[in-house]
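Note that the numbering runs from 1 along the sequence shown for the chain.
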Amino acid sequence: MGQKIHPYGLRLGIVTDWKSRWYSETNYAAQVLEDSEIRDMLGRELTRGAVSRIEIERIGDKKVQVDIHTARPGVVIGRGGSEVERIRQLLEKLTDRVIKVNVIEVTDPETDAQLLARGIADQLQGRVSFRRAMKRAVQTAMKAGAQGVRVQASGRLGGADMGRREWYREGRVPLHTLRADIDYGAATAITSVGAIGVKVHVYKGDVVPSLSATREKIAAEAALATGGPSARRAPAKARAEASAGERRTGLIEAGGGKRLVEAGGGKRQAEGGKRLIEAGGGKRVDTGTAREEFEEARSDAAETLEVKSDVAPETADAVVEAVVEAVEEVATVVAATEAVAEVVEEPVTEAVADVVEDVVDTGEKE
């Protein structure tokens, strides 16, 4: 079943939605053929537009809305909207209906199966080694957060006399699991030795939660509602760390717990427009701010001790000296932390932040 059924059509109504949304009792066959002609024409006109999918929605009998999902919206729109206007006129001439075209940008092209398949096909047409192209696509998708990728190429690979099929897979690709969000894409590379077909499956995780997880969530919410402790079971990794007695390092994980997300960077942006997840010790205190707060605390302490006449001068001096030493220790640690952060060009890590918080707590108690 997993090899002969389209993974997108198998999950219609469960995980995926229809790419054509309309209903007709009389002109069903004609409208299906019209949808196919629209997609074929857009595929010919937007060969360099990096089109992921085309969704068609019919509003009444004379109006059709076409949503073009692309990774290159600038190429599809054109200068001043000239290209999208030309496409709209061609569609109106083809269908004899009022056409509305929407260009929607694909936010994660690295994990889009259709774009990956088209990229491999373009590389094969450019005489790139099929093994290199397939491995590069798999690595790109896994680094972008996919939990599993399967890439297959069929045909006269490498110019061989006999056609064959080769595939690479990394991670999990559960084709029989209906709740699995599996993106599928196919493309054809027209080479000098013949046509080579490319298929790509990308597993992005489960969309519909499992029955056991749903029951655990309901039980935990019921326990919290009655005022009792939550009975939700900790993840397997957390339970293993607790049993081993290991201290959590605060690493941020994404992509099924197999890939560490780059952390920190402040105002720096990741390559390719990715968002960096910042991890650190929360609010960072510089040396100047620490010394200003120290002077204010010292003056407040002196004024408070002057008001209380029953405090002995020796006790007041001892308290002031203790506060001064504690705050100076805090300022010294903060300055050292800032120096280390400037050397390694990274923000304060959680471990150093914990040390600073411990010192601050100690100073406040003193």
How about [X] and [Y]: do any of their side-chain heavy atoms sit closer than 4.5 Å?
X: M142; Y: Q147; answer: no
X: D67; Y: R21; answer: yes
X: R150; Y: W167; answer: yes
X: N102; Y: I68; answer: no
X: V151; Y: L116; answer: no
X: E57; Y: V64; answer: no

N/O donor-acceptor pair under 3.5 Å between R11 side chain and P7 backbone
yes
Taking R136's backbone N and O only, do any of them form a donor-acceptor pair with T140's side chain (distance below 3.5 Å, no angle check)?
yes
Within 45 degrees of the axis of the six-membered ring of F130 and under 6.0 Å from its centre: does K135 put its NZ or CZ there?
no
For the pair [X] and [Y], find out whether any cationic side-chain nitrogen is under 4.0 Å from an anionic carboxylate oxygen.
X: D40; Y: R44; result: no
X: R39; Y: E34; result: no
X: E92; Y: R97; result: no

For the ring pair W22 and Y28, is the centre-to-centre distance below 6.0 Å?
yes
Got a sec: does the CG of D17 have more than 12 other heavy atoms crowding it under 6.0 Å?
yes
When you look at V103 and T70, which way does the side-chain contact (heavy atoms from CB on, under 4.5 Å) test go after all the steps?
CA-CA 7 Å; V103 180; T70 173; 3.8 Å; yes
Criterion side-chain contact (heavy atoms from CB on, under 4.5 Å) on V15 and L178, from CA distance to verdict
CA-CA 8 Å; V15 174; L178 293 180; over 6 Å; no
When the ring planes of H6 and Y184 are compared, do they come out parallel, tilted or perpendicular, using 30° and 60° as the limits?
perpendicular
